[in-house]
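Have a look at the structure below before the remarks.
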Amino acid sequence: MTQVALMHPAPARLIDEDRVRWLLESIRCNRFLPQPDSTDVVVGDGDFRAIGSEFLGYFIRIGGLREDSRVLDIGCGIGRMAVPLTQYLDPQGSRYDGIDPVEGGIGWCQRTITPVYPNFAFQRLDIAHELYNPNGKINGRALALPFPDRHFDFVIMTSVVTHLPPAEVLVYLAEVRRVLSPGGRLFMTAFVVDGIAAANETGRRDPRLAFRRYRESPCWFVPNQPPLAAIGFEDGFLDKALERAGLSVALKSLGRWRGTSAGHHQDFIVAKRRGNGR
């Protein structure tokens, strides 16, 4: 497979690249933007502002995110994607909703982001997850997103399916399709275990992601780690899951975690909602 496979290219859209570069750099350097304490366990690895800025660039350039988009951020955590989006989304014409099962991250976002940016809303969904929310009351296979049909233009799932079993992935994708408007897009990151990744052909695969296949399932787990700490999926599984949910793959870009040259670490999949029905 080529590094970037375009299957259903989006209509051409002019992007002011100079403005995008200026915006991303200003976010990276803006020490006045809200930022959680680096010791907070839900912050995650890496530079909070730099990673958020980097992904905003991907959303615009690869995902086709527009300033007037209605955005849903599934697994929003402590606002790593939300903070840079405050500098891009139109405060009058756009809307952002973030959901997550971890109370600490949602609370910080509600206290810190929403009062300044009222078009940004956050809510906790008590979804059970053996690592992040073991006492959650909602089984992931019974997920129902608390939003009406066709409510969003752009859905973000960064580092979400990398922590979900396959049955729950199918449920999440079906719900994404339901809440997307016709032509709306999903931007998803994943670990796609192709032949190169499975065999570590280059010898440069990320040593933290030495996946081994679990029996005959599509899942690949990291030995000596909790199963949901990092999940890779057999190449083709996510493509079929998206198709089954009513979403068409528009772009699939493989990341450098497998040891090959790429402009990003995880694998990226952009999918588009098919059809006009429910």
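Note that this is a predicted model, so its numbers are computed, not measured.
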Taking the side chain as everything from C-beta on, heavy atoms only, tell me whether P182 gets closer than 4.5 Å to R273. yes
If you apply the rule side-chain contact (heavy atoms from CB on, under 4.5 Å), what do you find for I231 with F221, and how did you get there? CA-CA 5 Å; I231 297 179; F221 299 133; 3.7 Å; yes
Considering residues at least two apart in sequence or located in another chain, which fulfil the salt bridge (charged side-chain N to carboxylate O under 4.0 Å, His left out) criterion with E243? R274
Quick check: does any side chain N or O of S69 sit under 3.5 Å from a backbone N or O of F154, one acting as donor and the other as acceptor? no
Can you name the closest pair of heavy atoms from V176 and L145 and give their distance? N-CD1, 4.4 Å
Is the count of non-hydrogen atoms from other residues, nucleotides or ligands lying under 6.0 Å from E103 atom CD greater than 12? no
Chi angles and distances behind the salt bridge (charged side-chain N to carboxylate O under 4.0 Å, His left out) call for E54, R28: CA-CA 9 Å; E54 178 184 353; R28 281 191 290 268; over 6 Å; no
By side-chain hydrogen bond (donor to acceptor under 3.5 Å, both in side chains) - contacts of Q92 (at least two apart): none
Nearest heavy atoms of I99 and I106, plus distance in Å: C-CD1, 4.3 Å
Sequence neighbours excluded, which residues qualify as side-chain contact (heavy atoms from CB on, under 4.5 Å) partners of T189? F55, T158, S159, F187, Q266, F268
Name each donor-acceptor pair under 3.5 Å that joins a side chain in residues 127-142 to protein atoms two or more places apart or in another chain, with its distance.
from : atom 1 : to   : atom 2 : distance (Å)
H129 : ND1    : L131 : N      : 3.1
H129 : ND1    : Y132 : N      : 3.3
H129 : NE2    : H163 : O      : 2.8
N133 : OD1    : R124 : NH2    : 3.2
N133 : ND2    : D126 : OD1    : 2.9
N133 : ND2    : I127 : O      : 2.9
N139 : OD1    : R141 : N      : 2.8

Do L56 and L24 touch side chain to side chain, with heavy atoms closer than 4.5 Å? yes
Residue pairs passing the side-chain hydrogen bond (donor to acceptor under 3.5 Å, both in side chains) test with at least one member in residues 164-175, sequence neighbours excluded, are E175-R178
side-chain contact (heavy atoms from CB on, under 4.5 Å) partners of R244, counting only residues at least two apart: L170
Test: salt bridge (Lys or Arg N to Asp or Glu O under 4.0 Å). Region: residues 81-100. Which pairs qualify, not counting sequence neighbours? R95-D97
For R204, check salt bridge (charged side-chain N to carboxylate O under 4.0 Å, His left out) against everything at least two apart and list the hits. none
Please find the pair of heavy atoms, one from P34 and one from F48, that lie closest to each other, and give the distance. O-CE2, 3.9 Å
Exam field: side chain R80 to backbone G52, donor-acceptor pair closer than 3.5 Å: no
For G93, is there any backbone N or O sitting under 3.5 Å from a side-chain donor or acceptor partner on D68? no
Give the C-alpha distance, both sets of side-chain angles, the deciding distance and a yes or no for side-chain contact (heavy atoms from CB on, under 4.5 Å) between S26 and Q87. CA-CA 9 Å; S26 69; Q87 306 303 294; over 6 Å; no
Taking all atoms of both residues into account, what is the closest heavy-atom pair of G259 and T202, and its distance? O-OG1, 3.3 Å
Just so I know, are the side chains of N224 and V222 near enough to count as touching, which here means a heavy-atom distance under 4.5 Å? no
Measure the shortest side-chain to side-chain distance between C109 and F120 over non-hydrogen atoms and say whether it is less than 4.5 angstrom. no
Do D267 and W257 have side-chain heavy atoms sitting under 4.5 Å apart? yes
Within-4.5 Å side-chain heavy-atom neighbours: S94 and V71: no
For the student: nearest non-hydrogen atoms of A82 and D73, plus distance: N-OD2, 4.4 Å
Pairwise side-chain contact, F59 with R185, heavy-atom cut-off 4.5 Å (strictly under): no
Only residue of V160, I74, T162, L242 satisfying side-chain contact (heavy atoms from CB on, under 4.5 Å) with M188 is L242
Pair V83, T112 - check side-chain contact (heavy atoms from CB on, under 4.5 Å), show working. CA-CA 10 Å; V83 169; T112 311; over 6 Å; no
side-chain contact (heavy atoms from CB on, under 4.5 Å) evaluation trace for D239 with K252: CA-CA 9 Å; D239 308 65; K252 185 176 179 180; 3.1 Å; yes
Taking only distance into account, with no hydrogens and no angle test, what donor-acceptor pairs under 3.5 Å do side-chain atoms of residues 210-218 form with protein atoms, sequence neighbours excluded?
from : atom 1 : to   : atom 2 : distance (Å)
R213 : NE     : S217 : O      : 2.9
R213 : NH2    : S217 : O      : 3.3
S217 : OG     : Y214 : O      : 2.9
S217 : OG     : C219 : N      : 3.1

Sequence neighbours left out, what passes salt bridge (charged side-chain N to carboxylate O under 4.0 Å, His left out) with D18? Give chain and number order. R21
Could you tell me whether the side chain of Y88 reaches within less than 4.5 Å of the side chain of L65, counting heavy atoms only? yes
Restricting to side-chain contact (heavy atoms from CB on, under 4.5 Å), what partner residues turn up for H151, sequence neighbours left out? F147, P148
Could you tell me which residues satisfy side-chain contact (heavy atoms from CB on, under 4.5 Å) with D194, sequence neighbours excluded, listed by chain and number? I196, A197, D235, L254, R258
Heavy-atom pair with the smallest gap, counting every atom of P165 and F233: C-CZ, 4.5 Å
